[in-house]
Amino acid sequence: MFALVDVNNMYVSCERVFRPALNGKPVVVLSNNDGACIARSNEAKDLGVRMAQPWFEVRHLERSAGLIALSANFELYGDMSSRMMTLAAEYAPRQEVYSIDECFLDFDGVPGDLIGIGRDLRRKVLQWTGLPTSVGIAATKTLAKLANHVAKTADRKPGTYPREFAQVCDLSRLSAGQLEQIMQSTEVGAVWGVGRKTSARLNEGGIRNVLDLVRADVSALRKQFSVVLEKTLLELRGTGCMEVDDAPAGNQQIMCSRSFGQPITDLAVMTQAVSDFASRVTEKLRAQRSVARSVHVFFNTSAYRKHDRQHAPAITTPLARPTADTRFVIAAAVRAVEALFRPEFNYVKAGVMLTDLQPEGREQGELDLFDAEPEPPPNGTDRPGLMTAIDALNQRFGRDAVTLASATRPHQRSTHASRQERRSPRYTTRLAEVARAKA
DNA sequence: TCTGGGGTCCTAGGACCC
DNA sequence: TCTGGGGTCCTAGGACCC
């Protein structure tokens, strides 16, 4: 038996913990460049704000409806997430942290009343962190996802599902008839793994709700779609095809990319921006104790700027040997920029991706005859100790406490910085920004 | 004026092998 | 005129997730 625990409107809920005045108000959290809405309170959803909707399209609601917009504060959300995950983990032998705001629990071998456990978990997370969650329980992960959807929707929109399913919903305790009733009143697009394209195609074939899907022919579906949808169908029928993965391997690729506050047409500025991204992404690489063998650099113009000529170059550069040394990654990234950059275009976004990752510590065995090829190392060799020291200092004294001389000084970053005009304090991770209590 | 930033998995097709 | 068949590996692109 599985549970899916999911924070309601995660980013908005994190903000509300520290600013209770936001409760009951329409609130959105904006993406990195203050460009689009990436989280919405229920009240904002009721105003019609869509997921990923551009901010300028809904900005008028600030005046007309009291909509409040905040810049994303990922440092805060990440910290709140780990608190929530720690609490949730106590309730089951195995936990899979699936995203920043949700985790699967595997109740295998846990006796007793799972609804009671779910309610207790919910109460504790709310009391200890201030975050409201929904809990879905069922025999497979896909069904647990569905149960979570029911728990959330029953709470938010009375009348869609029976009120008793709100907040914590256990599909395994329902009769076949009750389950069919729920499946029938749920659109197929709400199923985990069925996205926009697939639901459109399913609808064309007459499959509109979850019950239609459950009753469809497996082999026909597999032929017309894929093994992915076949697995989804089996899971909806109660046949488990997925396990809880409580020790996921590190990522297979790591990326850092951003939109710019203003388009970049200057090689030096682009070089600075890409160097910064290279530095950040290599930090992430070290944090998961991996090394990379290739660096992928890309940048692009904006398809929304219809009068601009479009350009989206990208190049993957193999590194002479697997490394997590920022200096080598920056060197490769800078050469890529110099090879690709064309000043006649308005670039609005760039990124650096590290690929062909492997666990650190096996690098030596990878050398071969041709690796003598000179990767231009600023000081000759990898200096893992140097990088570890930099990471430790930044961890302790704050990001950018120590950077390479080639990196942008924080005061220069405005040349390519994202807009972030509405960010809240990082209450839980920066001593200078903790909440103040008024006398 | 202004349109997110990450990730995963699967499939199809080409290069290459014997 | 007729131009193998089976396998692997790699890459690009698409669909999905949050």
When you measure from every atom of DNA chain B, which of residues 35-44 of chain A have a heavy atom less than 4.0 Å away? A/Gly35, A/Ile38
Counting heavy atoms from C-beta on, name the nucleotide in B/dT11, B/dG6, B/dG4 closest to the side chain of A/Met255. B/dG6
When every non-hydrogen atom of A/Ala88 is compared with those of A/Gln95, the smallest separation belongs to CB-NE2, 3.8 Å
A/Lys349 side chain near B/dG5 phosphate (N/O to OP1/OP2, under 4.0 Å): yes
Give DNA chain C the dot-bracket treatment, 5' to 3': Watson-Crick (N1-N3 with N6-O4 or O6-N4) or G-U (N1-O2, O6-N3) under 3.5 Å, [ ] crossing, | other strand. ....||||||||||||||
Nearest to the A/Pro54 side chain among B/dT3, B/dG6, B/dC2, which nucleotide is it? B/dT3
Side-chain ion pair, A/Asp46 and A/Arg156, N-O less than 4.0 Å: yes
Could you tell me whether A/Leu30 contacts a base, only the sugar-phosphate backbone, or nothing, with contacts defined as non-hydrogen atoms closer than 4.0 Å? nothing
Pairwise side-chain contact, A/Arg258 with A/Asp276, heavy-atom cut-off 4.5 Å (strictly under): no
With C1' as the reference atom in both, quote the distance from B/dC16 to C/dG4 in angstrom, rounded to an integer. 15 Å
Considering just the side-chain nitrogens and oxygens of A/Arg258, establish if one lies under 4.0 Å of OP1 or OP2 belonging to B/dG6. yes
How is A/Arg201 classified with respect to the nucleic acid when contacts are heavy atoms under 4.0 Å: base, sugar-phosphate, or nothing? nothing
Could you work out which one of B/dC2, B/dC9, B/dC10 sits closest to the side chain of A/Gln252? B/dC9
Does either side chain, that of A/Thr429 or that of A/Asp79, offer a donor lying less than 3.5 Å from an acceptor on the other one? no
Counting any heavy atom closer than 4.0 Å, what does A/Lys284 reach on the DNA or RNA strands: base, sugar-phosphate only, or nothing? sugar-phosphate
When the P atoms of C/dC17 and B/dT3 are compared, how many Å lie between them, rounded to an integer? 25 Å
Walk along nucleotides 12-18 of chain C from 5' to 3' and tag each nucleotide B, S or - by protein heavy-atom contact under 4.0 Å, base first, then sugar-phosphate. ---SSSS
Going by distance alone, is a donor N or O of one side chain under 3.5 Å from an acceptor N or O of the other, for A/Asn8 and A/Ser134? yes
Has A/Arg305 got a side-chain N or O lying under 4.0 Å from the OP1 or OP2 atom of B/dT3? no
With A/Ile207 as reference, evaluate A/Val214, A/Leu202, A/Val194, A/Thr198 under the side-chain contact (heavy atoms from CB on, under 4.5 Å) test and give the passing residue. A/Leu202
Taking 4.0 Å as the cut-off, does a side-chain nitrogen or oxygen of A/Asn251 come that near to OP1 or OP2 on B/dT8? yes
Nearest non-hydrogen partners of A/Asp106 and A/Ala92, listed with the distance: O-CB, 3.6 Å
Got a sec: does the CZ of A/Arg422 have more than 12 other heavy atoms crowding it under 6.0 Å? yes
Between A/Ser31 and B/dT3, is there a side-chain N or O to OP1/OP2 distance below 4.0 Å? no
Are a donor atom and an acceptor atom from the side chains of A/Gln253 and A/Thr355 found within less than 3.5 Å of each other? no
With a 3.5 Å cut-off and no angle check, do the side chains of A/Ser41 and A/Asn9 form a donor-acceptor pair? no
How close do A/Asn251 and A/Gln288 get, counting heavy atoms only, and between which atoms? N-OE1, 3.0 Å
Non-hydrogen side-chain atoms of A/Arg94 and A/Phe104 separated by less than 4.5 Å: no
